[in-house]
Amino acid sequence: MRKILITAALGAGLLAGSAAAEDLKIALIYGKTGPLEAYAKQTETGLRLGFEYATKGTMMVDGRKIVIITTDDQGKPDLAKSALAEAYEDDGVALAIGTTASPAALAMLPVAEERKRILIVEPAVADQITGDKWNRYIFRTSRNSSQDAISNAVAIGKPGVTIATLGQDNAFGRDGVAAFKAALAKTGATIAAEEYAPAATTDFTAAAQRLWAGPTPLTKLQDMNPARYGVELSSGGNILPAMAAYKTLPGMEGATYYYHDIPNNDVNKWLVAEHQKRFNAPPDFFTAGGFAAAMATVTAVQKAKSLDTEKLIAAMEGMEFDTPKGKMVFRKEDHQALQSMYHFKIKSDPNVAWGIPELVRELKIEDMQVPIQNKR
């Protein structure tokens with residue numbers, strides 16, 4: 001009997017020693033329903049493709065199976081906040097990724113700090129996220145409002161240019177305009193007027209009387225022939241359906257976060273080819289962002305050799321990782337991913353459903369002095 005017990009104990013020890021590593025549980029919190037549904041769906045597609053690419057199809061990292069738990073926050077701050085708390089506490093995720101809307105993302109930040117777990121913000125862009133609302137558990141793969149603003153200021157700002165802005169009346173819109181004004185101050189251009197409207201606005205009549213805007217601002221502006229007043233139009237990049245309006249604006253310049261034909265690297269070539277094969281369409285704006293979040297996660301776990309939060313933070317601060325846009329770097333001071341942006345000029349092609357942003361100049365990390373705003 002004693003011999004049998006000893007053998008059983010040794011066998012149990014061997015089984016425990018060879019047990020599979022703990023799963024890598026990741027929460028994706030996003031506005032899958034609501035006004036930003038298209039953005040959210042692209043983020044999820046990109047995230048899953050990114051994990052597939054980073055793991056060579058195994059969906060395993062250092063012996064850990066990747067498990068993605070998705071929650072729809074509908075773009076609402078209260079739902080986003082509770083979803084993140086539940087993911088950390090009930091689902092036991094090592095880290096979370098999200099969310100789509102900036103107001104919802106801002107509501108999530110204190111939860112990450114309270115639970116001492118990492119939140120990778122993707123794709124929300126408000127500067128406050130890595131600015132005055134930031135905490136050390138927050139990393140962001142998406143660009144921020146300042147990166148949008150600086151790249152667009154480089155594209156259109158010059159002495160003697162007078163600019164009027166129209167933005168959403170929320171953290172995304174107001175942060176974006178504030179950052180744009182700061183960036184333009186260095187170019188010699190000036191802001192003559194600012195207008196804001198609720199995100200759900202469909203009637204821009206009042207703003208149109210002041211800033212040449214309409215229900216679809218760019219299209220309406222063009223219809224009103226602003227050139228007769230010496231007014232030129234400019235906009236940043238957007239998802240492909242929204243860029244259908246750009247077809248009527250050949251020659252318009254601006255700056256964008258991503259367009260599938262612009263980055264020339266192996267990661268982007270794989271993404272474009274696979275997305276086209278599986279969905280009969282090119283990857284879009286936020287597909288690249290979800291992909292980048294997956295690449296950052298895999299790189300961090302491989303580097304940390306652990307799911308411990310402190311070890312992951314140590315690995316991620318200053319970490320470089322590959323994405324469809326090329327190299328990104330998590331800046332140590334605020335955990336913002338520094339990355340390239342792209343100055344474009346619109347080309348209209350009758351065989352393409354949207355205005356094509358042709359590359360004028362890649363604005364690399366070293367070309368943009370993105371301010372640190374968190375006072376760390």
Side-chain angles (χ1 to χ4, degrees), residues 23-61 64-73 96-100 120 122-124 141-143 237-244 246-247 256-299 301-302 321-328 337 339-340 342 344 349 351-359:
D23 286 346
L24 171 53
K25 293 182 180 179
I26 297 164
L28 171 61
I29 299 170
Y30 59 161
K32 192 174 182 179
T33 56
L36 302 181
E37 175 183 348
Y39 299 2
K41 289 182 176 179
Q42 290 175 22
T43 299
E44 181 175 8
T45 296
L47 186 73
R48 294 186 184 278
L49 287 171
F51 279 128
E52 182 179 334
Y53 179 88
T55 63
K56 297 180 171 60
T58 67
M59 295 300 285
M60 301 280 291
V61 183
R64 305 177 190 275
K65 179 183 177 182
I66 296 173
V67 177
I68 303 171
I69 302 168
T70 64
T71 304
D72 178 13
D73 65 18
I97 297 169
T99 183
T100 317
I120 297 177
E122 175 65 48
T141 48
S142 69
R143 88 284 188 201
N238 210 322
I239 61 174
L240 298 180
M243 290 179 65
Y246 291 22
K247 285 195 70 170
T256 190
Y257 164 80
Y258 177 80
Y259 181 69
H260 62 274
D261 274 347
I262 292 179
N264 183 18
N265 60 70
D266 290 342
V267 180
N268 192 54
K269 289 175 183 176
W270 184 91
L271 171 58
V272 172
E274 286 298 314
H275 199 281
Q276 188 69 44
K277 181 170 67 177
R278 300 182 195 191
F279 304 104
N280 195 32
D284 211 338
F285 212 73
F286 297 104
T287 318
F291 200 111
M295 295 290 283
T297 301
V298 171
T299 303
V301 173
Q302 289 175 334
F321 53 101
D322 292 326
T323 80
K325 297 180 61 178
K327 181 182 73 174
M328 288 189 187
Q339 57 197 278
S340 289
Y342 309 103
F344 67 77
D349 183 333
N351 297 314
V352 179
W354 53 84
I356 301 170
E358 292 193 315
L359 181 65

Any side-chain heavy-atom pair of Leu359 and Phe344 under 4.5 Å: no
Any Leu271 side-chain heavy atom under 4.5 Å of Leu49 side chain: yes
Within-4.5 Å side-chain heavy-atom neighbours: Lys65 and Asp23: yes
Euclidean distance, Met295 CE relative to Lys325 NZ, rounded to 0.5 Å: 14.5 Å
pair Thr297-Ile26: side-chain heavy atoms closer than 4.5 Å: yes
Which residues share a side chain to side chain donor-acceptor pair (under 3.5 Å) with Ser340, sequence neighbours left out: Glu362
Heavy-atom neighbours of Lys247 NZ exceed 12 at 6.0 Å: yes
Side chains of Trp354 and Tyr259 in contact at under 4.5 Å (non-hydrogen atoms): yes
Salt bridge (Lys or Arg N to Asp or Glu O under 4.0 Å) involving Lys56 - partner list, sequence neighbours excluded: none
Shortest non-hydrogen separation from Phe286 to Pro123 and the atoms involved: CD2-CB, 3.4 Å
Pairwise side-chain contact, Leu28 with Leu47, heavy-atom cut-off 4.5 Å (strictly under): yes
Between OG on residue Ser142 and CE on residue Met328, distance to nearest 0.5 Å: 8.5 Å
Sequence neighbours excluded - salt bridge (charged side-chain N to carboxylate O under 4.0 Å, His left out) pairs with any residue from residues 24-38: Glu37-Lys41
Qualifying residues under side-chain contact (heavy atoms from CB on, under 4.5 Å), relative to Thr58, sequence neighbours excluded: Thr55, Met60
Worked check of side-chain contact (heavy atoms from CB on, under 4.5 Å) between Thr323 and Val267: CA-CA 6 Å; Thr323 80; Val267 180; 5.7 Å; no
Listed partners of Glu358 passing salt bridge (Lys or Arg N to Asp or Glu O under 4.0 Å), at least two apart: Lys347
Partners passing ring-ring contact (aromatic ring centres under 6.0 Å, His included) against Tyr258 (at least two apart in sequence or in another chain): none
Rounded distance (nearest 0.5 Å) linking atom CZ of Arg64 with atom CE of Met59: 15.5 Å
Gap separating the OH atom of Tyr246 from the CD1 atom of Ile356, nearest 0.5 angstrom: 14.0 Å
Thr99 side chain to Ile29 backbone, donor-acceptor under 3.5 Å: yes
For the student: nearest non-hydrogen atoms of Pro324 and Asn265, plus distance: O-ND2, 3.0 Å
Student check: side-chain heavy atoms of Ile120 and Thr141 closer than 4.5 Å: yes
ring-ring contact (aromatic ring centres under 6.0 Å, His included) partners of His275, counting only residues at least two apart: Phe279
Under the salt bridge (Lys or Arg N to Asp or Glu O under 4.0 Å) test, residues paired with Arg48 that sit two or more places apart: Glu44
Trace of the ring pair (Phe, Tyr, Trp, His ring centres under 6.0 Å) decision for Tyr257 with Phe285: CA-CA 7 Å; Tyr257 164 80; Phe285 212 73; 5.4 Å; yes
Parallel, tilted or perpendicular, as decided by the 30° and 60° cut-offs, for the rings of Tyr53 and Phe291: tilted
Atom of Ile97, atom of Glu122 and distance for their closest heavy-atom approach: CG2-CB, 4.2 Å
Pairing residues for Asp72 by the side chain to side chain donor-acceptor pair (under 3.5 Å) criterion, not counting sequence neighbours: Thr33
Nearest non-hydrogen partners of Thr100 and Ala40, listed with the distance: OG1-CB, 3.8 Å
Phe51: ring-ring contact (aromatic ring centres under 6.0 Å, His included) partners, not counting sequence neighbours: none
Which atom of Pro357 lies closest to which atom of Gly355, heavy atoms considered: CD-O, 3.4 Å
All pairs passing side-chain hydrogen bond (donor to acceptor under 3.5 Å, both in side chains) where residues 279-296 contributes a residue, at least two apart: Gln42-Asp284
ring-ring contact (aromatic ring centres under 6.0 Å, His included) partners of Tyr342, counting only residues at least two apart: none
